[in-house]
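Each ligand, and each atom within it, is numbered from 1 in the order the structure gives.
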Amino acid sequence: MEQRLNMQTFKRKNDMNKKIRVAILFGGRSGEHDVSLMSARSVLSVLAPARYEVTCIGITREGEWVTGAHVLEAMEKGETRDLDRVILSGNPKQAELYVLRPTKMGAKFETLTPVDVFFPVLHGPFGEDGTIQGLLELADVAYVGAGVVGSSVGMDKGVFKDVMRANNIPIVESVLVLRSEIEKDMNAVIEKVEQMGAYPFFTKPANLGSSVGVSKCSSRSDLGEGIMEAARFDRRVIVEQGAVNAREVEVSVLGNDLPEASVCGEVLPSREFYSYESKYIDGTSGLLIPSQLPKDVTDQVRDYAVRAYKAIDCAGMARADFFVEKDTNRIFLNELNTIPGFTSISMYPKLWEASGLPYAKLVDRLIELALERKSERDHTEKMYRSES
Ligand SMILES: Nc1ncnc2c1ncn2[C@@H]1O[C@H](COP(=O)(O)OP(=O)(O)O)[C@@H](O)[C@H]1O
Ligand SMILES: [Mg+2]
């Protein structure tokens, strides 16, 4: 109800007949560039023209911002040379999008369009990690999803785990090692890991996604290789105790201050674990929705998901991924993804659909939540002026 009121206030303020101007950002500099294009296509297909005026902004693999009539198609084909270059200024007084037009003298900026709300449909580094959220904050614009802290803590597997420990949310044992420690004395690192428990361990770069650089290590030599592999992608490496014989259970969370959890789903990986190949190459990993777990277990999972969401100050949405041991139903939270896969057949929207919220309504709701959060920010004093 409160959220509906906010939406109405927004509409009144901005003329009831006016459409909401949405800019979708997709592509990006991460390994999940292609997934992002697929997610964006799904989002675009449900943004009702009667309600929204949509601008599409592609971000190339090199980080260039581009737009044009068929920007998504062009990005899908990798043909972005002829597209217009776009700039979003971090200056709140110039928070429109600008197009760079070549002139005889060089180039000039032309205003593209004002935007009410940005929708970053970007996964992984430079999209889901707080960096683009930082630019959107500087520009003082509304945007879908978590803010800077929620995004960056959700992305960083090291800091995330410490925050979960501080909030008594169960996670597997882990150690964080620096690349410099690895280079200095790999044996000492391996000893430190082995003190944590028994094989298998999982090695991961602290800040990445899509299972890139993740290895399952069943022996000391695997462990050395896994650590080296993860250290290629980050200067900080996480080594975790493997959850053995565990289900991968996921739950979708939606909301700002009062987030709600969907029904639970289970991933059925096509390989030994949910690796990059299993996620994107085989195409045969299955989703079981809803998961077939006892109610007390799913209630507990949903409760942990909401608590974790609040603990990192998430907003809009996140998908919480868990391990649930098959023999004991013991639960461990693995991670929160603040911009989860968002095609109409992805787990995040599918779980909402199974909970009674269809895809198009979910997109509407995320936009409402973004506007609500912006109006909350607008009511926050930003400058302290001493009265004495
Ligand atoms: N501690 C663990 N125990 C068991 N399986 C794990 C563990 N950590 C990761 N995995 C497997 O590796 C996959 C990718 O790891 P994850 O931490 O989710 O990285 P990403 O952020 O790249 O998705 C998981 O979905 C799971 O299949
Ligand atoms: Mg994962």
The option among Phe202, Phe201, Tyr274, Phe273 carrying the non-hydrogen atom nearest to atom 5 (N) of ligand 1 is Phe202
Ligand-residue contact atoms, ligand 1 with [X], heavy atoms, under 4.0 Å:
X: Ala243; answer: 1 (N), 2 (C), 3 (N), 4 (C)
X: Asn334; answer: 16 (P), 17 (O), 18 (O)
X: Lys204; answer: 8 (N), 9 (C), 15 (O), 16 (P), 17 (O)

Strictly below 4.0 Å, N to O, side chains only: are [X] and [Y] in salt-bridge contact?
X: Arg232; Y: Glu229; answer: yes
X: Lys374; Y: Asp140; answer: yes
X: Glu76; Y: Arg41; answer: yes
X: Arg236; Y: Asp156; answer: yes
X: Glu64; Y: Arg85; answer: yes

So which heavy atom in the protein is nearest [atom], and how far is it from that ligand atom?
atom: atom 22 (O) of ligand 1; answer: Ser211 N, 2.5 Å
atom: atom 25 (O) of ligand 1; answer: Glu248 OE1, 2.7 Å
atom: atom 1 (N) of ligand 1; answer: Glu240 OE1, 2.8 Å
atom: atom 23 (O) of ligand 1; answer: Lys279 NZ, 2.9 Å
atom: atom 7 (C) of ligand 1; answer: Phe323 CZ, 3.3 Å
atom: atom 21 (O) of ligand 1; answer: Lys157 NZ, 2.5 Å

Note: Ala246, heavy atoms under 4.0 Å from ligand 1, region reported as neither
Please verify whether a non-hydrogen atom of [X] lies at under 4.0 Å from ligand 1.
X: Gln241; answer: yes
X: Asp321; answer: no
X: Gly242; answer: yes

- Hydrophobic cluster membership, Val267 vs Val324, 4.5 Å side-chain cutoff: no
request  = May I ask you to establish whether Arg319 and Tyr348 are in a cation-pi arrangement, using a distance under 6.0 Å from NZ or CZ to the six-membered ring centre and at most 45° from the ring axis?
outcome  = no
Q.
Testing the basics here: between Ala305 and Phe322, what is the closest heavy-atom pair and its distance to 0.1 Å?
A.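 Residues Ala305 and Phe322, closest heavy atoms: N-CZ, 3.8 Å.
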Of all heavy-atom pairs linking Lys204 and Asn334, the shortest is NZ-OD1, 3.4 Å
Geometry only, no angles: is Glu335 polar-contacting ligand 1 at N/O separations under 3.5 Å? yes
Can you tell me how far apart CD1 (Ile367) and CG (Asp116) are? Round to the nearest 0.5 Å.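 Going from the CD1 atom of Ile367 to the CG atom of Asp116 covers 10.0 Å.
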Heteroatom test (N, O or S) for Glu335 near the Mg ion (ligand 2), limit 2.8 Å
yes
